[in-house]
Every structure is written in C-alpha cells, then in structure tokens.
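What follows is a single structure, written as structure tokens, with notes after it.
Keep in mind the model is a prediction, meaning the values are calculated, not measured. Read the numbers this way: they start at 1 and go in the same order the structure lists the ligands and their atoms.
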Amino acid sequence: MEKMCTVALPLTMNSSEKQETVCIFGTGDFGRSLGLKMLQCGYSVVYGSRKPEMSSLLPSGTEVLSHSEAAQKSDIIIVAIHREHYAFLTELKEVLKGKILVDVSNNHKINQYPESNAEYLAQLVPDAHVVKAFNTISAWALQSGALDASRQVFVCGNDSKAKQRVMDIVRTLGLTPLDQGSLTAASEIENYPLQLFPTWRFPFYLSAALCLFFFFYCVVREVIYPYVYEKKDNTFFMAISIPNRVFPVTALILLALVYLPGVIAAVLQLYRGTKYRRFPDWLDHWMLCRKQLGLVALGFAFLHAIYTLVIPIRYYVRWRLRNITIKQVITKKEDPFSTSSAWLSDLYVSLGILGFFLFVLLGITSLPSVSNAMNWREFRFVQSKLGYLTLILCTAHTLAYGGKRFLSPWILRWCLPSTYILALIIPCTVLVIKFILIMPCINKTLMRIRQGWERNSEHSKSALNGKSDI
Ligand code: NAP
C-alpha cells in the first residue's frame with residue numbers, strides 16, 4: 001500500500017526501506033516549500049542550484065549540488081524555476097535523457113505564450129518525459145499545510161508511467177492527483193490559477209445590474225415622485241426601505257433564473273424533438289453557473305431577513321405608529337380589526353420564513369462536503385423538487401405581500417408599477433412553464449426524448465415504412 005504523509009515532522013523511515021530521492025531544480029520559495037514537504041513525507045531531496053554554496057535557507061537534511069550533479073542523483077526532477085529561465089536546461093539534455101521532468105510553473109497572464117510551459121520544456125529537452133503538476137498548489141499551502149487551501153493537483157503528461165510516478169508522489173504528500181490526460185492539457189492547467197472566479201462573474205454582474213436598476217427604480221417611485229407631487233423629503237428611504245425592497249426582489253429574480261435555463265432547455269428539446277443537438281453556448285454557460293446564481297440569491301435573501309428584523313427599531317416606523325395611535329385617541333376612533341388583513345399578513349410572514357428555511361437548506365446541500373454524501377437521486381430531489389418548492393414559497397410570499405395592493409390605484413406612479421410586481425414576472429413565467437411541462441402528455445414526450453428517442457428518426461422510419469407498404 002502507498003504511504004501517505006499526514007504529520008508535519010520528518011518521518012523516521014524503516015532502515016530496510018530505501019528512501020526515494022527526488023531532485024528539485026531551483027531553491028526559491030516553491031522549491032524550498034516542496035522540498036520540505038517531501039522531506040517530511042520520507043523522501044530524500046537533492047537540490048540543483050546555480051549557486052550550491054549559497055543556499056543556507058534550505059531545509060536541513062537536503063543536499064545542494066550543481067544542476068548536472070543533482071540530476072544524476074534522481075530520475076525525477078522537479079523544475080521549480082520560472083519558464084523565462086528554462087533555456088539553460090538544453091545544456092543538460094544528455095543528463096536529463098529518459099528522466100521525468102515535472103513542470104510546476106505558472107504564468108502571469110492567461111495564454112501568455114503560444115504553447116504551454118510544459119510543452120515548451122518538452123521541446124527544449126525532447127528525450128525527457130515531461131509531466132505537468134503542482135502548479136495549482138501554493139508555496140504557502142505546502143508550508144503551512146493549510147487545510148482550507150485546495151488539495152487538488154492537476155497532472156498531465158504523454159508518458160503514462162511517468163505520470164503515474166508523479167501521481168504517487170502527489171498522493172504521498174497528502175494531496176489529490178487529478179489525471180487530465182496528455183500534455184496538451186497543460187495550457188488549460190496553467191490557466192487555472194490565473195482565473196478569477198470564472199463561474200461567479202455572470203451571477204455577480206447580473207445581481208449588481210439588478211440591484212442598481214431596482215435601486216434607481218425605487219428612488220424614482222418613492223423619493224422623486226413624492227417630492228415632485230407632495231414636496232415630501234423621503235431621501236432617508238435610501239438607507240433601509242429601498243434596500244429592503246431591492247434585496248428581496250433581486251433574490252427572487254436570481255432564484256427564478258436558476259430554474260429558467262432548465263425550462264428553456266426542456267422547451268428546446270421538445271421543439272427539436274431530440275436531446276442530441278447542442279444547446280446554444282449562452283444556455284450552456286448559464287446552466288454551469290446555476291449554483292453560483294443560487295448562492296448569490298441566498299446572500300440577498302439573508303440581507304432581506306436582516307433588514308426586515310430591524311424594522312421595529314426604526315425611528316420612522318416608531319414615529320408613524322405613535323402618530324396613528326395619537327390620532328385614534330384624539331378622534332376616539334378605533335381601527336376595526338380585519339381578519340382578511342390578519343390572514344394576509346400572517347401568511348406573508350409564514351411563507352417568507354418557510355421559503356427562507358428551504359433556501360438555506362438548498363444552500364447547505366450545495367456545499368461539496370454535503371453534496372458528496374448524497375447520491376445522484378437525493379441531490380436531484382433536493383436541488384430540483386425542493387428548489388421548485390422554494391421558488392413557489394418565495395413567489396407566494398411576494399404575492400401575499402402585494403395582497404390587496406395589487407388593486408390599489410396607487411400601484412402606478414408615473415406609469416411605473418411597484419417593484420414586487422416586476423419581481424413576479426420571471427418567477428411566475430418559470431412556474432407556469434414548469435407546470436405545463438409536468439403535465440402528463442408533455443412530460444411523457446420529454447422523458448422519451450431524454451431517454452434517447454428522436455422525433456425525426458421516428459418520422460423518417462414511419463415514412464419509410466409507409467413508402468415500402470405502398
Ligand atoms: P522564485 O522564488 O523566484 O525561485 C525561482 C528559482 O529559480 C530561484 O530561486 C533560482 O534558484 C532559480 N533561477 C532563477 N533564475 C534562474 C536562471 N536564470 N537560471 C536557472 N535558475 C534560475 O520562484 P518560486 O516562487 O519558487 O517559483 C518557482 C516556480 O514554481 C515558478 O515557475 C512558479 O510559477 C512555480 N510555482 C510557484 C508557486 C508559489 O507559490 N511560489 C506556486 C505554484 C507554482 P537557484 O538560485 O537555486 O538557481
């Protein structure tokens with residue numbers, strides 16, 4: 001069985017067990033951190049450096065030699081040097097012949113060079129077996145053994161034995177190797193550490209755009225309109241009232257947008273009568289960032305919950321309540337109790353709480369540690385069935401909020417309806433289409449398509465049969 005390093009102290013090797021020697025070219029940050037980790041995991045480490053005599057910072061127990069001498073000590077050489085300095089390796093072609101060269105390098109920009117660093121290294125030393133690995137692990141994570149840092153090491157190379165040897169080392173260091181195939185995958189692997197939240201970009205920009213749009217929309221309706229017609233200064237609404245309209249509206253729209261691509265895909269499959277035609281790129285991208293859209297939506301729902309909790313302590317709210325009470329005392333006129341209003345208000349709050357609870361549950365189940373413990377059917381149940389239930393509850397919460405106000409003449413200001421009406425458009429559309437899609441006659445066809453049935457091939461078959469019958 002393979003050994004796996006879990007302790008931070010040097011392992012005492014069994015005297016009968018021979019230590020495997022690994023050579024590291026470069027005594028910089030990464031070379032030092034990787035060397036220390038390897039030493040702790042029972043490897044013998046020898047460094048190849050330009051100045052072997054000036055290497056006082058290296059972990060004790062390691063040897064430092066010239067590049068050529070060090071390379072002769074091991075058949076695995078980790079090149080912990082920036083690509084710009086690879087040229088000297090051509091002089092070592094002979095000594096590197098047949099050896100495994102591990103390229104750990106990263107670039108400063110995505111697709112900085114026409115070929116990947118690993119392919120460039122393979123061109124410089126054609127007789128060596130170049131393997132790309134370790135570039136997604138930082139020197140800091142190797143040194144501190146950070147549990148919260150990524151442990152995935154993407155490995156690729158043209159020689160399967162060489163790749164396997166490197167993957168064994170990765171496992172021994174307590175990291176997780178992920179075989180990415182041949183060396184052509186290196187450019188993609190080299191781009192990984194340079195990408196900045198690629199799947200979060202669309203949800204982030206979309207939510208920012210929605211927030212800005214609804215914020216200015218609310219300012220026009222609730223600040224500018226009252227000022228123009230009643231000379232009222234409602235600018236303080238911009239601190240709590242308006243954000244507490246913008247956040248739930250954004251959360252609901254984003255949640256609906258998590259489910260919209262699914263229904264669009266189903267409609268496309270029904271229209272095309274096959275599942276074997278690619279979806280448009282925009283739909284593919286949209287589907288890939290549904291989890292992120294949902295998590296951003298959950299963040300806005302949290303903000304809405306917090307903003308709602310502070311309503312009773314607001315000066316404006318306390319002032320209004322006091323004034324209404326005083327007015328009733330002066331006029332000796334009590335506000336009659338309305339059961340329908342009580343129902344609507346309790347329903348609104350209850351639907352909101354339940355919707356928020358399910359929303360949080362969805363967020364928790366999207367965590368890798370939780371979703372890994374679920375099988376495919378369980379995950380689908382939570383994300384699809386519970387997800388739709390969350391969307392229904394949150395939409396119903398908004399409908400109950402609108403309640404009697406949907407019929408009020410004040411609903412339009414400068415022809416602009418309330419934000420909650422706009423917020424309902426996409427969720428209601430998604431729910432109506434979903435409802436149509438789950439009707440037995442349509443759902444049956446959709447299921448057949450998803451199991452591989454194709455309308456055109458069936459038609460052509462029956463057409464052919466028809467012809468042959470004639
Ligand atoms: P570094 O601290 O600058 O060290 C690079 C080492 O390369 C130097 O210490 C030097 O070692 C050697 N070197 C410099 N110029 C050279 C030249 N002209 N010819 C031959 N050797 C030369 O860089 P690093 O952070 O350790 O990064 C090393 C490699 O690891 C890079 O390709 C980087 O992309 C990759 N990497 C780094 C990290 C990280 O967290 N730092 C993470 C993943 C991947 P000698 O003085 O001993 O010759």
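The pair Lys275-Glu454 fails the salt-bridge criterion, with no side-chain N (NZ, NE, NH1 or NH2) lying under 4.0 Å from an Asp/Glu carboxylate O.
Below 30°, between 30° and 60°, or above 60°: for Trp282 and Trp286 the angle between ring planes is between 30° and 60°, a tilted geometry. Aromatic ring pairs are classed by plane angle as parallel below 30°, tilted from 30° to 60° and perpendicular above 60°; the pair His67 and Phe25 is perpendicular.
Under the ring pair (Phe, Tyr, Trp, His ring centres under 6.0 Å) criterion, Tyr86 pairs with no residue, sequence neighbours left out. For the ring pair (Phe, Tyr, Trp, His ring centres under 6.0 Å) test, residues two or more places apart in sequence or in another chain that qualify with Phe237 are Tyr316.
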Residues 206-217, side-chain donor-acceptor partners within the protein, below 3.5 Å, at least two apart:
{"residue": "Ser207", "atom": "OG", "partner": "Pro203", "partner atom": "O", "Å": "2.8"}
{"residue": "Ser207", "atom": "OG", "partner": "Phe204", "partner atom": "O", "Å": "3.0"}
{"residue": "Tyr217", "atom": "OH", "partner": "Pro417", "partner atom": "O", "Å": "2.6"}

Enumerate the pairs of nitrogen or oxygen atoms, one from ligand 1 and one from the protein, separated by less than 3.5 angstrom; state names and distance to 0.1 Å.
{"residue": "ligand 1", "atom": "2 (O)", "partner": "Asp29", "partner atom": "N", "Å": "3.1"}
{"residue": "ligand 1", "atom": "9 (O)", "partner": "Gly28", "partner atom": "N", "Å": "3.0"}
{"residue": "ligand 1", "atom": "11 (O)", "partner": "Thr27", "partner atom": "N", "Å": "3.2"}
{"residue": "ligand 1", "atom": "15 (N)", "partner": "Arg50", "partner atom": "NH1", "Å": "3.4"}
{"residue": "ligand 1", "atom": "18 (N)", "partner": "His85", "partner atom": "ND1", "Å": "3.3"}
{"residue": "ligand 1", "atom": "23 (O)", "partner": "His82", "partner atom": "NE2", "Å": "3.1"}
{"residue": "ligand 1", "atom": "26 (O)", "partner": "Asp29", "partner atom": "N", "Å": "3.1"}
{"residue": "ligand 1", "atom": "26 (O)", "partner": "Phe30", "partner atom": "N", "Å": "2.7"}
{"residue": "ligand 1", "atom": "32 (O)", "partner": "Ile81", "partner atom": "O", "Å": "3.0"}
{"residue": "ligand 1", "atom": "34 (O)", "partner": "Asn106", "partner atom": "N", "Å": "2.8"}
{"residue": "ligand 1", "atom": "40 (O)", "partner": "Ala139", "partner atom": "N", "Å": "2.8"}
{"residue": "ligand 1", "atom": "46 (O)", "partner": "Arg50", "partner atom": "NH2", "Å": "3.1"}
{"residue": "ligand 1", "atom": "47 (O)", "partner": "Thr27", "partner atom": "N", "Å": "3.1"}
{"residue": "ligand 1", "atom": "47 (O)", "partner": "Thr27", "partner atom": "OG1", "Å": "2.5"}
{"residue": "ligand 1", "atom": "47 (O)", "partner": "Ser49", "partner atom": "OG", "Å": "2.6"}
{"residue": "ligand 1", "atom": "48 (O)", "partner": "Arg50", "partner atom": "N", "Å": "3.1"}
{"residue": "ligand 1", "atom": "48 (O)", "partner": "Arg50", "partner atom": "NE", "Å": "3.0"}

